[in-house]
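Written out below as structure tokens is the structure these notes cover.
These values consider heavy atoms only, across backbone and side chains, with no hydrogens, waters or symmetry-generated copies. On a predicted model such as this, the values are computed, not experimentally measured, just so you know.
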Amino acid sequence: MNSNNDDSKNQLALLFLLCRLKELGFETQRLKLQKLVYLLDIFGTIIAEKPTGYMFTAYKYGPFSKQIFGYMEKLVCIDFVNVKEIGSIWDPDVDRSFDYSIDPDRFKKVVKMRTLKQYDLVNKSIEFAVQTAGALNADEIKSLVYSEPNYINAKKNPNSIINPEYLYARRFKDVAKETSKREFGIDLLNEEVVWLYTNFLKEIEASRNNFSIGILR
Amino acid sequence: MPNDQQNIFDVQARDSVTNSLDKYRWLLELSRKHNVTPLLATLIHFLEEIRNLKKEKSSLSVGLIIQNKRTSFGKPFINQDSFHLSKLSNFLKLDSIIDGTSLSYFVRNDGYVEIGQIPVSLLKSSARETLQNTSIDFKTAAFSIEHPISVIYDEGILVRSNREGIWLKPCSIPLAVLASNGFPEDALNHTLEICEKMSNKDKGCTFVIIKETQPKYCSPMLSDCQFTPTRLTALKDSEIMKLAALDGALILDANLIIMGIGQRLEAPPETLYSPESERVTP
């Protein structure tokens, strides 16, 4: 069970992410938010350390955290976050889409808190997550996350918890740095490994029907 | 992770890393240098997709400069709201006006793009030259997106060009080696510049520089056209390019005098060329 400190850290990461999405003019839909936090954790693991303590389950529509869902609902209830349903016609076959935004008065407080040095690392991970996937729509980000090896591995046992150590992301980082040094003479920055990992996910995405990452065998 | 799975994963990861770095190592280094590493994926998306954007079937021309502490720009004579680099459709709004002629897009390290007026002192005769000059003065990277060739400058140095989706490294031709064989280097440089301009306009040309005073082993097919030897530098580049675009090779002597257009090759006499040995006696 998370301590109060962990809960605060997790919740702040979510608020910082919402802020950054708003600042850059990106949409913040419920499903997209879940996937963005997942990518945030993956990228943060590559950069230095996992920024949040959220646990994700390997559901059919991608990684899902009940904690994120619960926390967003709580923020909406206390008017910290505003929610607007997108689309005027309800289609039972389509996941309802909600756009989240932090209440403007509270936005300023969150932005101010974000500048504290202790949050530098989480902000860096957020920046990479947002710059990489912020512009994607829900379908695009879903497709990208479906290709994430840690998720693919966990999906072998549906509804199981995705190993929060993100072993495949860590392993990729080691391989990327070693390959880059040996074949190109480049000492990769961790942030650059994030870019390479994203490319890796896109390659998996492109060949998914024929793809076997080894973890599926 | 079991060892066999790790081996397979490692191979896949290694291949992916190699492919990515083979193609975009130069952009990774450029991004690192100009502190825009978080934008690497977005920049690649921009470079790969911007040439596919068309307004009324015409390709878009765009100038983009990476902002840093040195960049300064004035209020543009035409403007639009700033937007994130990933939102490519915004580049269509003002068509090809913001191509670096005097206005350019400036991108911050958070990916936000705004339009700025390039300082008058940095303006050159073409958008491309202006962007190159700007990248020198601001010590930054500048992107000149045009059809069919786009170029990227890093502090004035050509880093890459892109022709129809293919990334090309700048090539260097060892003119010094030719110059040591009796061909004046300035003549070689001048013709090479013309060739580059022709290529940028998607036109082919052939220049032949000879050491002799008269062309040999070729003749014009248009026998009713007369040619007066003329110094290349006496003609405007546009005239030279039209001349070079004619069917045939433009023949110059070592003093850059245009001697004619050779359209039909003739075999040298047997005393000089031996088909058996395939060697020409100098």
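With a threshold of 4.5 angstrom between heavy atoms, B:Thr37 approaches chain A through its backbone and through its side chain. For A:Glu23, the part sitting under 4.5 Å from any heavy atom of chain B is the backbone (N, CA, C, O) and nothing else. Only the side chain of B:Arg25 has a heavy atom closer than 4.5 Å to any heavy atom of chain A. Neither the backbone nor the side chain of A:Arg170 comes within contact range of chain B; no heavy atoms are under 4.5 Å apart. For a residue to count as touching a neighbouring chain, one of its non-hydrogen atoms must lie under 4.5 Å from one of that chain's; by this rule B:Asp22 touches chain A with backbone and side chain alike.
Considering all non-hydrogen atoms of both residues, A:Trp195 and B:Leu28 come closest at CZ3-CD1, 3.5 Å. Taking each heavy atom of B:Ser20 and A:Glu203 in turn, the nearest pair found is OG-OE2, 4.4 Å. Of all non-hydrogen atoms in A:Phe200 and B:Phe9, the two that sit nearest each other are CE2-CE1, 3.7 Å. Residues A:Glu127 and B:Pro38 share a closest heavy-atom pair of CG-CB, 4.3 Å.
Here the side chains of B:Asp110 and A:Arg20 are in contact, with some heavy-atom distance below 4.5 Å. With contacts defined as side-chain heavy-atom distances shorter than 4.5 Å, the pair B:Asn19/A:Asn199 does not qualify. A 4.5 Å side-chain heavy-atom check between A:Glu191 and B:Arg32 finds every atom pair outside the cut-off. By the 4.5 Å heavy-atom criterion applied to side chains, A:Leu196 and B:Leu21 are counted as neighbours. At least one side-chain heavy atom of A:Phe26 sits under 4.5 Å from a side-chain heavy atom of B:Ser86. By the 4.5 Å heavy-atom criterion applied to side chains, B:Val17 and A:Phe172 are counted as neighbours. Counting heavy atoms from C-beta outward, B:Glu29 and A:Ile186 have side chains that approach closer than 4.5 Å.
Applying the 6.0 Å contact sphere to NZ of B:Lys33 captures more than 12 heavy atoms from other residues, nucleotides or ligands. Counting non-hydrogen atoms of neighbouring residues, nucleotides and ligands closer than 6.0 angstrom, the NZ atom of A:Lys142 exceeds 12 such neighbours. The local environment of CG in B:Leu158 is crowded, with over 12 non-hydrogen atoms from other residues, nucleotides or ligands closer than 6.0 Å. Applying the 6.0 Å contact sphere to NZ of B:Lys87 captures more than 12 heavy atoms from other residues, nucleotides or ligands. More than 12 heavy atoms of other shown residues, nucleotides or ligands fall within 6.0 angstrom of atom CG in A:Leu116. More than 12 non-hydrogen atoms from other residues, nucleotides or ligands lie less than 6.0 angstrom from NZ of A:Lys177.
When each of A:Leu189, A:Leu136, A:Thr198, A:Val130 is checked for heavy-atom pairs under 4.5 Å with chain B, A:Leu189 comes out on top. Note: A:Phe184 leads A:Tyr197, A:Phe184, A:Phe128 in heavy-atom pairs under 4.5 Å with chain B.
Atom CG of A:Leu24 and atom CG of B:Leu85 lie 11.5 Å apart (nearest 0.5 Å).
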